[in-house]
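Encoded as C-alpha cells, the structure appears first; notes follow it.
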Amino acid sequence: QDMLSSLEKVTGEIEKEKRNLARIETLQQRIRSSEEIVREKWLSELVTGQADSKDALETARKYGIDLIASGYLVMVVEVFPASGDYAQLAQVKEIIAMMLQERSDFILFSQSMEKLTILARNISEESTDDIISTLAQGIKFETERNTRCRVAIGIGSVVGHIEEIVHSY
C-alpha cells in the first residue's frame with residue numbers, strides 16, 4: 001500500500017510537470033507570435049517611410065533581419081478572396097512563403113490581411129525582369145491555381161540605399 005501511494009504521488013508530480021511544460025510551451029509560442037507581429041509592423045513602417053531609416057540596419061539586426069544589400073525592391077501582393085473567404089488568405093501567404101523558401105534575399109511580411117509585401121535585397125535593374133517578373137508570374141499562377149483568391153501584384157523600382165526603400169514602395 002505504501003508503494004501504491006508512492007506511485008500515485010509520483011504520477012501526480014509527473015502530471016503536474018507535464019501541465020507546467022505545456023503552459024511554458026504555450027507562452028513561448030505567444031512570445032514568438034508577438035515578436036513576429038512587431039517585426040512585420042516595423043517592416044511595414046520601413047517600406048512606407050514611417051520608420052527611421054537611419055537606424056534601420058540596427059533595428060533590423062535586432063529582429064534577426066540582414067538588410068545590408070546592394071539594391072532593394074518592394075513587391076506588394078494584394079489578395080482578393082472569393083466571396084469573402086478570408087480563411088484562404090493564410091493559404092496564400094503559405095504558398096508565397098514556400099516559393100521564397102530558398103531565397104534568403106527575399107523577406108515576406110504582411111501589411112494587412114489582404115496585403116502581403118516582399119522586400120527583395122541584392123536586386124539590380126538587370127535582374128528585375130528575370131527574377132522579379134518570374135516570381136510575380138509564379139505567385140499569381142500558384143495562388144490562383146491553388147486557392148479561390150485573385151491577386152494583383154505591384155512591383156516597385158530598384159533603389160540603391162536603405163533610405164530609398166520608401167520610393168520603391
Give a yes or no on whether a salt bridge exists between [X] and [Y], defined as a side-chain N under 4.0 angstrom from a carboxylate O.
{"X": "K16", "Y": "E13", "answer": "no"}
{"X": "E35", "Y": "R39", "answer": "no"}
{"X": "K93", "Y": "E40", "answer": "yes"}

Measuring from [X]:[atom1] to [Y]:[atom2], what's the distance to the nearest 0.5 Å?
{"X": "L119", "Y": "L67", "atom1": "CG", "atom2": "CG", "answer": "6.5 Å"}
{"X": "L4", "Y": "T11", "atom1": "CG", "atom2": "OG1", "answer": "9.0 Å"}
{"X": "N146", "Y": "I95", "atom1": "CG", "atom2": "CD1", "answer": "4.5 Å"}
{"X": "K62", "Y": "D55", "atom1": "NZ", "atom2": "CG", "answer": "10.0 Å"}
{"X": "I107", "Y": "I65", "atom1": "CD1", "atom2": "CD1", "answer": "5.5 Å"}
{"X": "L43", "Y": "F109", "atom1": "CG", "atom2": "CZ", "answer": "5.0 Å"}

Discussion item. Could you go through I118 and V74, starting from their C-alpha distance and side-chain angles, then the distance that decides it, and tell me whether this counts as side-chain contact (heavy atoms from CB on, under 4.5 Å)?
Written reply: CA-CA 6 Å; I118 300 167; V74 178; over 6 Å; no
Are [Y] and [X] linked, directly or through intermediate hydrophobic residues, by side-chain heavy-atom contacts shorter than 4.5 Å (ILVMFWY only)?
{"X": "L108", "Y": "I123", "result": "yes"}
{"X": "L57", "Y": "V38", "result": "yes"}
{"X": "L100", "Y": "V151", "result": "yes"}
{"X": "I165", "Y": "Y63", "result": "yes"}
{"X": "I153", "Y": "L135", "result": "yes"}

Practice prompt. Sort out for me which residue in I96, L73, I132 forms a side-chain contact (heavy atoms from CB on, under 4.5 Å) with F106.
Written response: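 Testing F106 for a side-chain contact (heavy atoms from CB on, under 4.5 Å) against I96, L73, I132 leaves exactly one candidate, I132.
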Worksheet entry | Check against salt bridge (Lys or Arg N to Asp or Glu O under 4.0 Å), E144 and K140 | CA-CA 6 Å; E144 293 177 0; K140 185 169 179 56; 2.9 Å; yes
Fill in: For M98, the rest of its hydrophobic cluster, which grows through side-chain links under 4.5 angstrom
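Under the 4.5 Å side-chain rule, M98 groups with nothing.
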[X] side-chain N/O to [Y] backbone N/O, donor-acceptor pair under 3.5 Å:
{"X": "E164", "Y": "G160", "value": "yes"}
{"X": "T134", "Y": "D130", "value": "yes"}
{"X": "S157", "Y": "S168", "value": "no"}
{"X": "D105", "Y": "N122", "value": "no"}
{"X": "E114", "Y": "V79", "value": "no"}
{"X": "E78", "Y": "G154", "value": "no"}

Practice prompt. Evaluate the side-chain contact (heavy atoms from CB on, under 4.5 Å) criterion for residues I162 and Y72: first the C-alpha distance (whole Å), next the side-chain angles of each, then the deciding distance (0.1 Å), finally the verdict.
Written response: CA-CA 7 Å; I162 201 163; Y72 304 90; 4.1 Å; yes
If I compare all heavy atoms of [X] with all of [Y], which pair ends up nearest, and what's the gap?
{"X": "L46", "Y": "A56", "answer": "CD1-CB, 3.9 Å"}
{"X": "A136", "Y": "I155", "answer": "CB-CD1, 4.0 Å"}
{"X": "C149", "Y": "P81", "answer": "SG-CA, 3.7 Å"}
{"X": "Q91", "Y": "T147", "answer": "CD-CG2, 3.7 Å"}

Worksheet item: If you measure only the distance, is there a donor-acceptor pair under 3.5 Å linking the side chains of S110 and K115?
Response: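 No pair is found: no donor N or O on one side chain lies under 3.5 Å from an acceptor on the other.
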Worksheet entry | Side-chain donor-acceptor pair present, Q111, Y169, cut-off under 3.5 Å |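 Yes, a side-chain donor-acceptor pair sits under 3.5 Å.
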